[in-house]
2 protein chains.
Amino acid sequence: MYQRKIPIDYDCGLSVAMEVVGSKWKFCILDEISKGIKRPKDLVNAINGITKRVLQKQLRELELHGLLEKTIYTEIPLRVEYNLTVSGKSLLPLVSAIDQWGMGFSSRLKTILETEATMNYL
Amino acid sequence: MYQRKIPIDYDCGLSVAMEVVGSKWKFCILDEISKGIKRPKDLVNAINGITKRVLQKQLRELELHGLLEKTIYTEIPLRVEYNLTVSGKSLLPLVSAIDQWGMGFSSRLKTILETEATMNYL
DNA sequence: CAGGATCCGTCCGGATACTG
DNA sequence: CAGTATCCGGACGGATCCTG
């Protein structure tokens with residue numbers, strides 16, 4: 001059984017938030033789902049670099065934490081859809097804010113990492 | 001030498017942002033530094049659950065990515081301070097937005113995890 | 001297609017000791 | 001105090017196979 005090392009500090013917003021979305025994939029997943037990509041297979045294709053296994057784990061956590069709602073359609077082949085809950089939707093403004101910040105920081109990061117790379121050749 | 005598995009997509013804001021702050025500690029660290037806690041020792045004490053080793057790594061990454069600036073005072077005992085750069089400061093609104101979201105989600109998460117815990121006893 | 005189980009190499013991170 | 005190096009157990013994640 002999994003025992004959390006550091007208990008969540010419910011009085012600290014950052015602690016709560018990091019428990020729920022403190023992984024590099026969560027924001028991407030919420031973003032894609034908000035754009036209408038709802039099936040695991042499609043999410044794997046949409047998100048650059050994620051694997052089926054890792055996505056599965058992230059989806060389960062997001063569902064457990066009440067940000068996603070899972071619907072199973074008993075068809076052949078099986079179809080499953082994940083939709084944002086109210087809590088999940090309340091995160092969207094943050095997702096787009098982070099996205100925007102990233103766009104603004106993009107060129108700077110590029111420069112930093114490139115000069116960093118050439119430094120290693122000296 | 002470390003080879004990144006998935007290259008950063010500089011056209012995707014979330015990809016850029018996650019490269020820089022996609023770890024559960026980064027936001028906390030920036031938050032504490034913005035509040036005036038600037039020395040590694042003090043940060044370890046201020047941030048619940050972080051260890052010296054992990055903090056060191058996070059600080060180096062934040063510095064490398066241009067969000068923090070390191071100042072060394074050659075005193076005895078040695079004193080080091082980390083300060084937010086302009087880019088680092090530009091993240092503060094997001095930090096407080098995430099903090100606020102976490103505060104709002106706190107009670108709901110608590111309920112979810114507690115019922116989840118009792119479920120396991122059935 | 002969804003997703004769980006298994007095998008197995010890799011990496012992360014705690015503990016500790018050492019240097020400046 | 002700040003930072004690095006080493007040891008080492010445990011967690012993570014890729015590949016693969018199997019079921020409904």
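Throughout, a chain's letter reflects where its sequence line sits, starting with A, and its residues are numbered from 1. Values reported hereafter were calculated over all heavy atoms of this structure, with side chains retained and with hydrogens, waters and symmetry mates removed.
- Distances from the side chain of A:Q56 to the nucleotides C:dG14, D:dG3, C:dG3 place C:dG3 closest.
- In this structure, A:S106 contributes its side chain and A:G102 its backbone to no donor-acceptor pair below 3.5 Å.
- Distance CG (B:L59) to P (D:dG3): 7 Å, rounded to an integer number of Å.
- Distances shown here put a side-chain N or O of A:R60 below 4.0 Å from the OP1 or OP2 atom of C:dG4.
- Spacing between atom OH of A:Y73 and atom P of D:dG20 amounts to 24 Å, rounded to whole angstrom units.
- Side-chain atoms of A:D99 come within 3.5 Å of backbone atoms of B:G13 as a donor-acceptor pair (strictly under, hydrogens ignored).
- Backbone-only engagement by B:Y82 is indicated by non-hydrogen atom pairs under 4.0 Å involving sugar-phosphate atoms exclusively.
- Taking atom CD1 of residue B:I72 and atom C1' of nucleotide D:dG3, one finds them 10 Å apart after rounding to whole Å.
- OP1 or OP2 of C:dG3 sits under 4.0 Å from a side-chain N or O of A:K70.
- For A:L55 and D:dG14, the CG to C1' distance is 15 Å, given to the nearest whole Å.
- Here C:dG13 is the nucleotide among C:dA2, C:dG13, D:dG14 with the atom lying nearest to any side-chain atom of B:R53.
- Taking atom CG of B:L78 as the reference point, atom P of C:dG20 lies 13 Å away to the nearest angstrom.
- A heavy-atom distance below 4.0 Å to DNA chain D is reached by these residues of residues 29-51 of chain A, ordered by number: A:T51.
- The distance between atom CH2 of B:W25 and atom P of C:dC12, rounded to the nearest whole Å, is 16 Å.
- Closest to the A:K52 side chain, of the nucleotides C:dG3, D:dG13, C:dG14, is C:dG3.
- Taking A:Y82 as the reference, nothing meets the ring pair (Phe, Tyr, Trp, His ring centres under 6.0 Å) condition, with sequence neighbours excluded.
- Open room surrounds CD on A:E69; 12 or fewer heavy atoms of other groups in view lie less than 6.0 Å from it.
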Apply salt bridge (charged side-chain N to carboxylate O under 4.0 Å, His left out) to the pair A:R60 and A:E63, showing each step before the final yes or no. CA-CA 5 Å; A:R60 244 192 302 122; A:E63 188 196 356; over 6 Å; no

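- A donor-acceptor pair under 3.5 Å is absent between the side-chain atoms of A:S15 and the main chain of A:I8, judged by distance alone.
- Protein atom NZ of A:K57 is 7 Å distant from nucleotide atom C1' of D:dC12, rounded to whole Å.
- The environment of A:R108 atom CZ is sparse: at most 12 non-hydrogen atoms of other residues, nucleotides or ligands sit within 6.0 angstrom.
- Rounded to an integer number of Å, the gap from CD1 of A:I76 to P of C:dA2 is 13 Å.
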